[in-house]
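Worksheet: one structure, shown below.
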Amino acid sequence: MINEVKKVLTNHVKKQPEFAWMNRLSSGVYQNALIDWKDAFTRYRSGKAGHPNFASRRNSQSFTVDSSSPKVLLKGGKLSRI
């Protein structure tokens, strides 16, 4: 199912004029979001976690470092306060 969502996002949604802003970001951003989404629902379906909820990052913002980029300043999986 996740592969079909990726195909629709890449081949249809990102090519629409109203979503042209999405092309300014790396595709890794969307790939990581979809992978996290898939993992959340997999844990939910297996009973390991509750229903996935939107996580507001208002007070404690976080981000994921994509280690496939050649210029990585931080190793993935480490907690750093900026």
Side-chain angles (χ1 to χ4, degrees):
M1 181 171 119
I2 190 75
N3 292 329
E4 290 83 10
V5 173
K6 287 180 184 179
K7 287 179 186 176
V8 169
L9 178 69
T10 305
N11 297 329
H12 180 68
V13 175
K14 287 178 73 175
K15 293 182 180 178
Q16 299 299 317
E18 61 267 22
F19 296 109
W21 60 269
M22 293 178 74
N23 294 318
R24 290 183 290 179
L25 297 175
S26 166
S27 63
V29 171
Y30 305 111
Q31 298 300 320
N32 287 335
L34 291 171
I35 290 168
D36 291 343
W37 174 69
K38 180 185 106 176
D39 292 343
F41 276 100
T42 301
R43 286 190 306 273
Y44 170 68
R45 285 189 207 115
S46 68
K48 292 181 181 177
H51 191 275
N53 293 321
F54 175 74
S56 174
R57 304 286 186 210
R58 188 167 291 198
N59 295 326
S60 154
Q61 295 189 6
S62 66
F63 62 93
T64 301
V65 177
D66 186 10
S67 60
S68 66
S69 173
K71 292 184 180 182
V72 175
L73 302 175
L74 300 171
K75 296 281 185 191
K78 304 290 183 186
L79 177 66
S80 298
R81 298 208 182 257
I82 299 175

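- Listed by first and then second residue, the ring pair (Phe, Tyr, Trp, His ring centres under 6.0 Å) pairs that reach into residues 14-43 are W37-F41, sequence neighbours excluded.
- Under the side-chain contact (heavy atoms from CB on, under 4.5 Å) criterion, K38 pairs with I2, T42, sequence neighbours left out.
- Put simply, I35 and V5 are part of two different groups of oily side chains (I, L, V, M, F, W, Y) that touch within less than 4.5 Å, one to the next.
- For residues 6-16, the set of pairs meeting the side chain to side chain donor-acceptor pair (under 3.5 Å) definition, not counting sequence neighbours, comprises K6-Q31.
- Residues passing the side-chain contact (heavy atoms from CB on, under 4.5 Å) test with A49, sequence neighbours excluded: R43.
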